[in-house]
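Notes follow once the structure below has been shown.
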Amino acid sequence: MGAFVEGSASEDGLDSAAEGSCAGAVTPPARPVRQLLAASVGNAVEWYDWYTYTFLATYIAAQIFPMSAANSLVPLLSTFAVFAVGFFMRPVGGLLMGAVADRRGRRAALTVTILLMGGSSLLVGLTPTYAAAGILAPVVLVLARLLQGLSVGGEFAASTTFLVESAGPGRRGLFSSFQYVSTTIGQLVASGVAAMLVANLAPATMGSWGWRVPFVLGALLSLVGFWVRRGALETLPQARNSVRAGELPIEEEAKASRPGLFEALLRHPRESLLICGITAGGTLAYYTWTSYLPTYAELNAGVEKTDALLAGTLSLTFFAVLQPLAGMVSDRIGRKPLLLMFGIGFAVLVVPLLRTLDDSFVTLLLVQCAGMILLSGFTAVSAAVNAETFPARVRAAGIGFPYSLTVALFGGTAPYVGTLFKDMGHTGLFPVYVAVLCLVSSAVYLRLPETAHSPLER
């Protein structure tokens, strides 16, 4: 895997990076715009592949998990694949790919994650039907979803670290914000491609082979992301020095300098818990507002499905535009004011905002956009705050595992918790649940040191 670190980097300005030890301040790599593009394009492709599965799940289920299947394992595998595998492989991906990023370099991990996602997307697109392959069909799909979850968890760990380390002085918040800009673009493109196919293909065609097209397209886009990332410059000083020397360190030195798989958790337990506290309220609010709110409005306020989807698309576009603005603000006034604006704002306003919903499209759009403004206080700066919490030696793995685990526990379960409260006849408890968790995260934000204007430990 060390080959990924090597390459023709010196001619692209690698030598312009200042020399220094891991403990000191090191100048970020040259050509920051290209660094930003490499992280953002790849991240958008990753999330296009991830969300495509969500939008086309009903077509996949009809082909891979038929209701008439006699084998009792099929519905079990269906439930496992759709509701669990993707999200709960993300912490594993965050740990493993984070370790790759800390041991072999950020670019190496970014290369692996984009290829993993492209391969898993192609595997979904080529999965045989249950009618053709029997139990092998859901097994192949579960394997593909395992790889997708592994890739997405690793992508956040590596791209977050890479983005923030690529930023120049006073720009870490701005660069951090592109984590969610690119995530949102991937979500919007996936939604657009799925909607275009549904509108232009007959239902029978869509159910037969049309649903496979976006996954094959995702595999091709992953190759584009791979090509862009191959031109990126390494941000890990040890890996940069290896490239500059033209060879990797001798094996003994390399082994001695590489962090262990669980070093971040064992040596930095406080920082790991901080990542969980920082993320818990934010990820619940994010998945509630960007993924579950249209469904919530349909179930509880009688909003038409088409209106809910349109409001969701418009508010996501608004959300993407907000991210760089909030990131730049955090570079001037600090991370804590924005985090507290989000946490306290959501804790106080989420209940009245959700109770405001009625069957009006305009009301839903206004509620979603109001929430997006508050949410930007978390999403635009979370990558910077996470990266500023850990030392460079274990930064990617230190971020990846606790972040992805918290997302799996609170963000990924948001739609199901909301639906569960609805089924239990306690719809009003879900906004309270969101408010309480945001309040808990706000208590963490209050105790965080302000890191916006301090040099990033490299």
Side-chain angles (χ1 to χ4, degrees), residues 172-188 191 278-297 301 303 307-358 360-385 410-411 414 418 430-442 444-446 448 452:
R172 294 200 301 266
L174 173 62
F175 273 54
S176 165
S177 69
F178 277 86
Q179 182 75 37
Y180 278 91
V181 171
S182 52
T183 297
T184 304
I185 289 173
Q187 184 175 359
L188 289 170
S191 174
I278 291 166
T279 305
T283 188
L284 177 58
Y286 174 76
Y287 279 96
T288 297
W289 237 252
T290 62
S291 300
Y292 180 55
L293 192 54
T295 302
Y296 182 90
V303 177
D307 287 345
L309 291 175
L310 178 58
T313 301
L314 293 175
S315 64
L316 278 173
T317 304
F318 175 64
F319 179 67
V321 173
L322 285 176
Q323 300 310 296
L325 300 177
M328 287 189 288
V329 169
S330 81
D331 284 329
R332 293 183 65 88
I333 68 172
R335 320 291 186 221
K336 286 182 68 172
L338 271 76
L339 288 171
L340 289 170
M341 177 197 76
F342 152 71
I344 297 174
F346 246 90
V348 172
L349 295 176
V350 65
V351 173
L353 280 173
L354 292 182
R355 286 182 178 174
T356 301
L357 290 174
D358 53 30
S360 165
F361 165 79
V362 173
T363 301
L364 174 58
L365 181 60
L366 290 175
V367 167
Q368 282 204 274
C369 288
M372 295 301 192
I373 293 172
L374 294 173
L375 187 57
S376 295
F378 167 77
T379 54
V381 305
S382 63
V385 173
F410 297 106
F430 181 69
V432 175
Y433 168 61
V434 177
V436 169
L437 209 56
C438 288
L439 197 60
V440 170
S441 285
S442 296
V444 176
Y445 304 151
L446 277 172
L448 284 177

Between [atom1] of [X] and [atom2] of [Y], what distance do you get to the nearest 0.5 Å?
| X | Y | atom1 | atom2 | answer |
| --- | --- | --- | --- | --- |
| I278 | T283 | CD1 | OG1 | 13.0 Å |
| T290 | Q368 | OG1 | CD | 9.0 Å |
| L365 | L310 | CG | CG | 8.0 Å |
| L316 | S291 | CG | OG | 8.0 Å |
| L364 | Y296 | CG | OH | 12.0 Å |

Does [X] reach the main-chain N or O of [Y] with its side chain, forming a donor-acceptor pair under 3.5 Å?
| X | Y | answer |
| --- | --- | --- |
| T183 | Q179 | yes |
| S442 | I344 | yes |
| S177 | L174 | yes |

Shortest non-hydrogen contact between [X] and [Y], atoms and distance:
| X | Y | value |
| --- | --- | --- |
| A347 | C438 | N-CB, 4.1 Å |
| F346 | L375 | CE1-N, 4.0 Å |
| S360 | D358 | N-OD1, 2.8 Å |
| G281 | S441 | N-OG, 2.9 Å |
| L437 | A280 | CD2-O, 3.6 Å |
| A452 | S330 | CB-O, 3.8 Å |

Side chain proximity check, [X] to [Y], heavy atoms < 4.5 angstrom:
| X | Y | value |
| --- | --- | --- |
| T288 | V350 | no |
| F318 | I373 | yes |
| L293 | L354 | yes |

List for me each residue that meets side chain to side chain donor-acceptor pair (under 3.5 Å) alongside [X], sequence neighbours excluded, and say none if there are none.
| X | answer |
| --- | --- |
| T279 | none |
| D331 | R335 |
| T379 | Q323 |
| Y292 | none |

Legend entry - Partners meeting ring-ring contact (aromatic ring centres under 6.0 Å, His included) with Y286 (sequence neighbours left out): Y180

Inset, instruction - Kindly write out the residues that satisfy ring-ring contact (aromatic ring centres under 6.0 Å, His included) with F378, not counting sequence neighbours, or none if the list is empty. - result: F342

Inset, instruction - Assess whether side-chain contact (heavy atoms from CB on, under 4.5 Å) is satisfied between L338 and I333, documenting all intermediate values. - result: CA-CA 9 Å; L338 271 76; I333 68 172; 3.7 Å; yes

